[in-house]
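Working notes, beginning with the structure itself.
Excluded from the calculations below are hydrogen atoms, water molecules and symmetry mates; all remaining heavy atoms, backbone and side chain alike, are included. Predicted model only: the values in this text are computed from it and were never measured. First the proteins, then the strands, lettered A, B, ... as listed; each starts at 1.
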Amino acid sequence: MAEDRRRKTDMTRNETGPVTLIVPSHPKYLYVVRSALYPILTDAGFGRKDARRIILAVDEACSNIIKHAYEGDPTKSITMTVAEDADRFIVRLRDYGKKADPAKIAPRDLANIRPGGLGTLFIGAAFDTVTYDTNQEQGTLLTLEKKKQRVNV
Amino acid sequence: MAEDRRRKTDMTRNETGPVTLIVPSHPKYLYVVRSALYPILTDAGFGRKDARRIILAVDEACSNIIKHAYEGDPTKSITMTVAEDADRFIVRLRDYGKKADPAKIAPRDLANIRPGGLGTLFIGAAFDTVTYDTNQEQGTLLTLEKKKQRVNV
Amino acid sequence: MKVEITTQKFGAGSILLIKGDVDMNSSPDVRSSLDEIFKQGGAKALLINLSGVRYMDSSGIATLVEAMQNCMKQGMKLRLVELSPPVRDVFELARLSSIFEIFANTGEAQAGL
Amino acid sequence: MKVEITTQKFGAGSILLIKGDVDMNSSPDVRSSLDEIFKQGGAKALLINLSGVRYMDSSGIATLVEAMQNCMKQGMKLRLVELSPPVRDVFELARLSSIFEIFANTGEAQAGL
Ligand SMILES: Nc1ncnc2c1ncn2[C@@H]1O[C@H](COP(=O)(O)OP(=O)(O)O)[C@@H](O)[C@H]1O
Ligand SMILES: Nc1ncnc2c1ncn2[C@@H]1O[C@H](COP(=O)(O)OP(=O)(O)O)[C@@H](O)[C@H]1O
């Protein structure tokens, strides 16, 4: 066992993305959203914990669309677009339901132990910028951005 | 330990699908395709082995699009649509590259041990019907269909 | 992702064993299993073993907070057992780690009940 | 999915340990690790341990078939070690199970070399 060499697949990072996933607004597709995100996140260089938190945040944002924008109607659709540029990792969620009222969207008071209100907290914990764009003809475009850690290799 | 009861999440099967995934034509996204497919297949009721073979077949069909339709250009895109009805599980792969020549697409002779030619064999092993539709304005629409095993519950 | 829920009895009450992702799709199933336990009543403690849970979102957390409130009403102890690192992380994000009684394994959670 | 490849030497030759999915994206890395081994030459055997491979597509199979052809040219023995059930299934689909020498573990694969 003289030689022990470890190689990592060297992938020329190309910025061709984005990846788009369209799922029905039924909670059973949250698992599909999470599963599709994981390899994109590891490929983007996120560690396990960051990847988990981003997945949790996107899951919560999709749950909110199902609950609030579509009021539980499972027959509508959610479009997720995942893109990256040199500095940021960007997830966009597009729905065609009741427009979000950004003024009403706020994390709960943590001192108040009650069920609910955690979703927006988790979204804010994972992403640096959270933007609800209601200037669409129909529905809302939610943009979630996370700055990339600059690692000089 | 008097009582040991096992419950399975009971999901009202709704046929709202389909799920659509659009990825760039770079082989690194094959992992995203596989990851997104897995939960859809288990939810559709496929066992582990069937799920694995379907994932392998779709991966091979995407690899063929990258190699043959796009001739290795990683900046194009592949659109996968997954749908089911009562009898069939259907995966559609749409590319906008060089049209496939269905006459030339054939599994290799198994007696001839050489690399290559296995992709179409794996596609045929997983799906009951494989249709290359080249009557599109651009590119090819590949439709892969698998009959569902009828289980009477 | 289907969640598998097993209910077992022990001297002081019930153990709920959850396997799978607890999200908006599966937490209603967790809630209905809990409801059955609360309907029976009369127990001293409820243990929820989360060793098989690799993912939990706010709907899962909400279900556990509700369970805590129901336990308090019935004078039952609620103990969470064997949180995986991802679930532990969600509890920390929600600042709920100190609100629940959390044990490393079922043996320790049963001690002194 | 990144693939991790480790090369080790033993008395009769080299052991290649592959971890991760071997698909069209990662098989070029497997191929270049193999090429380095063939470039060195002079060994009696090459063991490829696939215990860490949970997924392999036709590009991975093609890479192994090429390795077999290169081994034959160099008069080296090629032995595949510890195939996981999914990889075993792909070999069966490709009717290649009988063409490769497959061993349950490294110890057995090293015996008699
Ligand atoms: N996509 C959305 N559309 C409309 N309202 C939303 C949306 N997302 C969140 N909200 C509002 O923000 C509140 C807080 O959301 P959240 O923290 O996820 O907790 P919960 O959904 O459990 O109430 C919600 O109760 C709702 O009023
Ligand atoms: N999407 C496609 N477009 C054009 N030609 C294709 C396509 N898929 C397969 N083919 C043809 O079918 C042949 C067999 O394909 P396959 O069994 O996957 O093996 P390989 O791609 O390794 O040659 C290919 O060599 C190619 O000529």
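Going from atom CD1 of A/I55 over to atom OH of C/Y55 covers 8.0 Å, rounded to the nearest 0.5 Å. Atom CE of residue C/M24 and atom CG of residue A/L30 lie 7.0 Å apart, to the nearest 0.5 angstrom. Here CG of C/D89 is found 5.5 Å from CZ of A/R52. Values are rounded to the nearest 0.5 Å.
Taking 4.5 Å as the heavy-atom cut-off, the residues of residues 79-88 of chain C that approach chain A are C/P85, C/P86, ordered by number.
When the shell of 6.0 Å around CZ of C/R31 is examined, it contains more than 12 heavy atoms from other residues, nucleotides or ligands. At most 12 non-hydrogen atoms from other residues, nucleotides or ligands lie less than 6.0 angstrom from NZ of A/K98.
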C/D57 vs A/F122, side-chain contact (heavy atoms from CB on, under 4.5 Å): CA-CA, chis, key distance, verdict = CA-CA 9 Å; C/D57 71 7; A/F122 293 162; 5.8 Å; no
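There is no contact between A/R48 and chain C, counting heavy-atom distances below 4.5 Å.
A donor-acceptor pair is defined here as one N or O able to donate and one able to accept, closer than 3.5 Å; such a pair exists between the side chain of A/E60 and the backbone of C/S58.
Contact annotation: the side chain of A/R34 approaches that of C/D23 to within less than 4.5 Å [non-hydrogen atoms, C-beta and beyond]. C/L93 has its side chain out of reach of A/L118: every pair of non-hydrogen atoms, C-beta onward, lies at least 4.5 Å apart.
Here the closest heavy-atom approach between residue A/L56 and residue C/M56 is recorded as CD1-O, 3.6 Å.
Side-chain atoms of A/Y29 and C/N25 form no donor-acceptor pair, as typed in the model, at a separation below 3.5 Å.
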